[in-house]
Every structure is written in C-alpha cells, then in structure tokens.
Amino acid sequence: MKGLLKKNRSLPLVGDNVIIDLDQNKFSVITKILERKNFLIRPSVANVDQLIIVVSTYCPEPDFYNIDIMLAIARLLKIKAIILLTKTDIKQNKKIYDIYSSIGYRVFEINNLNIDLKIKDEILSLIKNKLNVLAGNSGVGKTSFINSLFKDKFNLKTGETSKKLGRGRHVTKNVEIIEIDGCSIVDTPGFSSIGIEYYKNFINKNINLDELFVEFCDYKNQCKFNNCSHISEIGCKIIELKNQNKISESRYSSYEKLTRQIRDIKKNIWR
Ligand SMILES: Nc1nc2c(ncn2[C@@H]2O[C@H](COP(=O)(O)OP(=O)(O)OP(=O)(O)O)[C@@H](O)[C@H]2O)c(=O)[nH]1
Ligand SMILES: [Mg+2]
Ligand SMILES: [Zn+2]
C-alpha cells in the first residue's frame, strides 16, 4: 500500500476494488481504494451483495438472537440475506424454518455431507454474479458448505466440532474470497456473535429499530402512538400480535434485547 493510504489508516478490506500502480522498483502498490457500497465489520468484507447466515441445528446449537442480529445488520446495510440450516441429517429444526420462512426469508435445510441436488441448483442460481459472505459460529459448516457446493473442485480444511464443549474449533483463520463458476463466495472465521456494537457509527440518533425487523414494518403504523417503541406502550399493535403468536416470541425478545443494547450504546456515545 502507498504510504499515504497507510497513514490515513484506510486499510483495504477483502472485497474492495482498488487501483494498482507500479512503483519505481516495479512493485505493485495500491494507490487508491474505490468507494465502497457497504461493508461488514465482523467478518470484515466490503461490497457485499448477499449475507448467507449459516446456522447448525446441532453442535453448536442455534442462537436466535444471533440470527436476528445478523438479519438486522443485513437490513441496516441493505444487503440481501438467506439462511442455511445445516446438519439437518443429524437433527431437524422446524421452529427456525417456520419462523424465518414465514416472514419471507429463504431458509435452506442442508446436509453438507450429501447435499440435495435440487437445493444445490437453487442456491447456485441465487449466489451467481454476487459477492456472497458466509457468516456464523465456528463449527456450523461454512467451509463444508463450499466444499459440498463445489465438490470436485474444492476440499478446504474443515474441523470436527467439540461435542463436549458444543462448539467448533475456529478452523478457518482468514477471510477469503473463493471465485468459481461465476460465483464469489467469502469463507470467514466463525464468530459466536457478529456484534451490533461494531455498527454504532451507523446507528444514528433517529434510527428506527423496528425497521430492522421485517415483519414489524407491516404493522407498526397500526400502533396507537406514532413513535411507539413497542416495549410497553398501551395500544401497541406489535405487542398485541406477539401475544396472539402472530409475531414470534423469539423475534420479539430479540427486538427487546436489541432495543436495550442500543439504548446503552447511545447513552455511552451521546452523553
Ligand atoms: N452431519 C453433518 N456434519 C456437518 C455438516 N456441515 C458441517 N458438518 C461438520 O461440522 C464440522 C465443522 O464444519 P466446518 O465446515 O469446519 O465449520 P465452519 O463453520 O467452517 O467452522 P470455522 O471454520 O471454525 O468457523 C465438520 O466436522 C463438518 O464435517 C452437515 O450438514 N451435516
Ligand atoms: Mg471454516
Ligand atoms: Zn408499537
């Protein structure tokens, strides 16, 4: 990288488009990072078209809050999102399938050890000509998914999960773009949480958190108060729907938890 870029601390991310020149010693140097349309902070990737949220039904167990935060970040950054539910050969999880497909997300139930060919074709057509980022906890099967999608072409390193600890062993160490058959897919190290706190610079004072929950958007105009926070207000349509099980309990509780978390972040940065 050119000294000036380094000095300005504008480090390139995986997924960046850059200008490269030759210096007097004929070494390639990055002289400019082109404008990003978006970037994820953890995993660190720029110009993302689609987030592939990978969740395993078993070892590690699914974490609903994490799924909802990843979906919220995708909405915040206006990135498409799909969900891969892996290890369905060992255990099913209809709850996850039902919650997320009922609010419009495409959820694929996958066995990475022997992927269904129809599912494989559908996924291939969904990821083509896009920069796709795999995200999810260590051991959920992100790397296995790339191997199973491109079986004869890849055999990337995967690792047994620890049954005793119920988690993966952080096998993938780097964020790396894999380009094959017109698909760009980014393998990433596993994180137990993607961390909304990293996005505090995006979360301005007026952000409406309910917009990050797709199914809330259809109903929030029916709340009695315009600026309803859907936490304890009388006449709140969202709370009413939650009580009638028309909005899922776990989605509502993620919203509640996120509201609290953002309130704390705001207290600290706008005091
Ligand atoms: N039975 C079964 N095992 C799977 C499936 N997907 C992945 N595994 C196993 O789960 C373990 C972890 O898979 P990896 O692909 O290394 O997981 P990862 O998400 O890349 O993990 P990190 O690189 O540590 O973040 C391996 O032993 C895989 O064989 C699946 O669909 N079914
Ligand atoms: Mg991996
Ligand atoms: Zn409300």
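Throughout, numbering of the chain's residues begins at 1 and tracks the sequence. Indexing begins at 1, ligand by ligand and atom by atom, following the structure's order.
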Exercise. Decide, counting backbone as well as side-chain atoms, whether Ser138 has an N, O or S atom less than 2.8 Å from the Mg ion (ligand 2).
Key: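 No.
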Quiz item: Backbone or side chain, does Thr143 get an N/O/S atom under 2.8 Å to the Mg ion (ligand 2)?
Solution: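 Short answer: yes, at least one N, O or S atom is under the cut-off.
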Using a 3.5 Å cut-off on N or O atoms only, is [X] in polar contact with ligand 1?
X	answer
Thr161	no
Thr172	yes
Thr143	yes
Gly190	yes
Asp187	no
Ser138	yes

Got the closest protein heavy atom to [atom], with its distance?
atom	value
atom 13 (O) of ligand 1	Ser144 OG, 3.4 Å
atom 17 (O) of ligand 1	Gly141 N, 3.2 Å
atom 32 (N) of ligand 1	Asp89 OD1, 2.9 Å
atom 21 (O) of ligand 1	Gly139 N, 2.9 Å

Quiz item: What is the name of the N/O/S atom in His230 that sits closest to the Zn ion (ligand 3)?
Solution: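 Result for His230 and the Zn ion (ligand 3): ND1.
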Exercise. Indicate, as side chain, backbone, both or neither, the part of Lys87 found under 4.0 angstrom from ligand 1 when only non-hydrogen atoms are considered.
Key: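 Both backbone and side chain of Lys87 come within 4.0 Å of ligand 1.
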Exercise. Have a look at ligand 1 and work out which part of Val140, if any, has a heavy atom under 4.0 Å from it: side chain, backbone, both or neither.
Key: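 Both backbone and side chain.
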Quiz prompt | Flag, side chain of Gln92 to backbone of Thr88, donor-acceptor distance under 3.5 Å | solution =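 Checking the backbone N and O of Thr88 against the side chain of Gln92, a donor-acceptor pair under 3.5 Å is found.
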Quiz item: Is a side-chain donor or acceptor of Asp63 paired with a backbone partner of Asn66 at a separation under 3.5 angstrom?
Solution: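 Yes: the side chain of Asp63 pairs with the backbone of Asn66.
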Under-4.0 Å salt bridge between [X] and [Y]:
X	Y	answer
Glu215	Lys220	no
Lys37	Asp49	yes
Lys128	Asp181	no

Which atoms of ligand 1 sit under 4.0 Å from any heavy atom of [X]?
X	value
Ile90	1 (N)
Asn111	31 (O), 32 (N)
His170	24 (O)
Thr158	14 (P), 15 (O), 16 (O)
Glu160	27 (O)

Self-check item: Test item: Ile185 and Leu134 side chains (from C-beta on) under 4.5 Å apart, heavy atoms
Solution: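 They are in side-chain contact.
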Quiz prompt | ILVMFWY network linking Ile123 to Val55, side-chain heavy atoms under 4.5 angstrom | solution =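 Different hydrophobic clusters.
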Quiz prompt | side-chain hydrogen bond (donor to acceptor under 3.5 Å, both in side chains) between Glu240 and Asn243, intermediate numbers included | solution = CA-CA 5 Å; Glu240 181 191 320; Asn243 292 338; over 6 Å; no
Quiz item: To which of Leu113, Asn112, Leu85 does the heavy atom nearest atom 3 (N) of ligand 1 belong?
Solution: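 Going through Leu113, Asn112, Leu85 one by one, Leu113 has the nearest heavy atom to atom 3 (N) of ligand 1.
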Quiz item: Hey, looking at atom 18 (P) of ligand 1, which of Arg169, Arg167, Lys142 has the closest heavy atom?
Solution: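 Nearest heavy atom to atom 18 (P) of ligand 1 lies in Lys142.
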Does one side chain, of [X] or [Y], offer a donor that lies under 3.5 Å from an acceptor on the other?
X	Y	answer
Asp264	Gln261	no
Ser229	Glu233	yes
Asn93	Thr57	no

Exercise. Answer yes or no for Gly159: is there a heavy-atom contact with ligand 1 below 4.0 Å?
Key: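 Yes, that is the case, since the closest heavy atom of the residue is under 4.0 Å from the ligand.
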Exercise. Please assess Thr143 against Asp187 for the test side-chain hydrogen bond (donor to acceptor under 3.5 Å, both in side chains), listing each intermediate value before the final yes or no.
Key: CA-CA 6 Å; Thr143 308; Asp187 196 8; 2.7 Å; yes
Quiz item: In terms of ring plane angle, is the pair Tyr255 and Tyr252 parallel, tilted or perpendicular, where the classes change at 30° and 60°?
Solution: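 Taking Tyr252 first and then Tyr255, their aromatic rings sit tilted (interplane angle of 30° to 60°).
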Self-check item: Metal-centred angle, the Zn ion (ligand 3) as apex - SG of Cys236, SG of Cys223, 10° resolution
Solution: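 Rounded to 10°, it measures 110°.
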Quiz item: Does atom NZ of Lys94 have more than 12 heavy-atom neighbours from other groups under 6.0 Å away?
Solution: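 Above 12, so yes.
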